[in-house]
Engineer: 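Before I ask anything, let me first share the structure, which is written out below as structure tokens.
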Amino acid sequence: MLEVRDLTTHYGSSQALFGVNLRVEPGQVVTLLGRNGMGKTTTINSIMGIVPATGGSVTFEGQELLGQRSFRTANLGLGLVPEGRQIFPNLSLRENLVATASNHLNLPDPWTVDRVFALFPELETRLTSMGNLLSGGEQQMLAIGRALMTNPKLLILDEATEGLAPLVRRKIWDALAEIGKQGLAILVVDKNLHDLMRIADRHFIIQRGQAVWDGTSAELEADEAARERYLGL
Ligand code: ATP
């Protein structure tokens, strides 16, 4: 579904990615792992066209994404939950959900506000609250709901549980496991390997902007040397 090959990206004269490779198959939950500053966000932003890549290729269902504008990439079915949530602060929770809602691909059983509330019941009571008055956990759930309202085929989450209490993190992982079971493909960047092992099919690790390891949860569990070397765990 998504294939990233030999991706390179620069910030001015400084190179951040030196050859990232990863694949997401339909219905898979895949992680992109690596220590701080190794290039995970740059990879996600390069896939989405937010940061222009300088080499390699990124195809989604056979279509090249590099060189596309971000909104076109989104319209092809990639939904981003960005690092830092990026909730519209001066829109209400409901307005945040409907502001970018669409079903460009005419997917059956599209996401609705009610379906988001079924996934995250705590959001329903905050319907009219402004974005900037929501707690961190509520904002994160809203950011996921907002991405789902674009009816993506692939949901991409960048650090979706950063700074959240364990109980809230748990709710978010349970919700992602649930929508993963419903068949949505998910690519997730997160530091919480323990929780990810439970829900992910495959893991890709990058180090200093380069692909260095990939395998299943069982393989990562068994490879203590890789966890120690690449993740410090
Ligand atoms: P973290 O886990 O801390 O979010 P990361 O793995 O997502 O890290 P990136 O944020 O992609 O890593 O950063 C990769 C490299 O690119 C780092 O060396 C970082 O300093 C550099 N970098 C990131 N954003 C910029 C930018 N806007 N301008 C210049 N360099 C940048």
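When a ligand or atom number is given, it counts from 1 through the structure's own listing order. All of these numbers come straight from a predicted model, not from anything done at the bench.
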Engineer: Please report the interatomic distance CD(E138) to CZ(R85), rounded to the nearest 0.5 Å.
Structural biologist: 11.0 Å
Engineer: If you take the nearest heavy atom of each of M38, E83, H10, which one is closest to atom 4 (O) of ligand 1?
Structural biologist: E83
Engineer: Atom 16 (O) of ligand 1: which of G12, A16, G37 has the nearest heavy atom?
Structural biologist: A16
Engineer: If you count the atoms of ligand 1 from 1 in the order shown, which ones are under 4.0 Å from a heavy atom of E159?
Structural biologist: 2 (O)
Engineer: Could you give the side-chain donor-acceptor pairs of residues 226-233 under 3.5 Å, partners two or more places apart or in another chain?
Structural biologist:
residue, atom, partner, partner atom, Å
R227, NE, L220, O, 2.9
R227, NH2, E221, O, 2.7

Engineer: Name the closest protein heavy atom to atom 5 (P) of ligand 1, giving the residue it belongs to and the distance to 0.1 Å.
Structural biologist: K40 N, 3.5 Å
Engineer: What protein heavy atom lies closest to atom 22 (N) of ligand 1? Include the residue and the distance to one decimal.
Structural biologist: Y11 CE1, 3.4 Å
Engineer: Using a strict 4.0 Å threshold on nitrogen-to-oxygen distance, state whether D214 and R202 make a salt bridge.
Structural biologist: yes
Engineer: Measure from the side-chain N and O atoms of K40 to the backbone N and O of G34, and report whether any donor-acceptor pair falls under 3.5 Å.
Structural biologist: yes
Engineer: Answer with yes or no whether G39 contacts ligand 1, where contact means a heavy atom under 4.0 Å from a ligand atom.
Structural biologist: yes
Engineer: Hey, mind stepping through V29 and L176 against side chain to side chain contact (heavy atoms under 4.5 Å, CB included) and telling me if it holds?
Structural biologist: CA-CA 9 Å; V29 178; L176 291 176; over 6 Å; no
Engineer: Find all atoms of ligand 1 within a distance of less than 4.0 Å from any non-hydrogen atom belonging to R35, and give their numbers and elements.
Structural biologist: 6 (O)
Engineer: Check this for me - ligand 1, T43, N or O atoms closer than 3.5 angstrom, yes or no?
Structural biologist: no
Engineer: Does atom 20 (O) of ligand 1 have a protein non-hydrogen atom under 4.0 Å from it?
Structural biologist: no
Engineer: Would you mind running through ligand 1 and noting each atom that sits below 4.0 Å from a heavy atom of T41?
Structural biologist: 4 (O), 5 (P), 7 (O), 10 (O), 11 (O)
Engineer: Using a 4.0 Å cut-off to any heavy atom of T42, which atoms of ligand 1 qualify?
Structural biologist: 9 (P), 11 (O), 13 (O), 14 (C)
Engineer: Verify the distance criterion only: is there a donor paired with an acceptor across the side chains of S46 and T9 at less than 3.5 Å?
Structural biologist: yes
Engineer: With a 4.5 Å heavy-atom cut-off, do L97 and F117 have their side chains touching?
Structural biologist: yes
Engineer: Are any of the side-chain nitrogens in R198 or D174 under 4.0 Å away from the carboxylate oxygens of its partner?
Structural biologist: yes
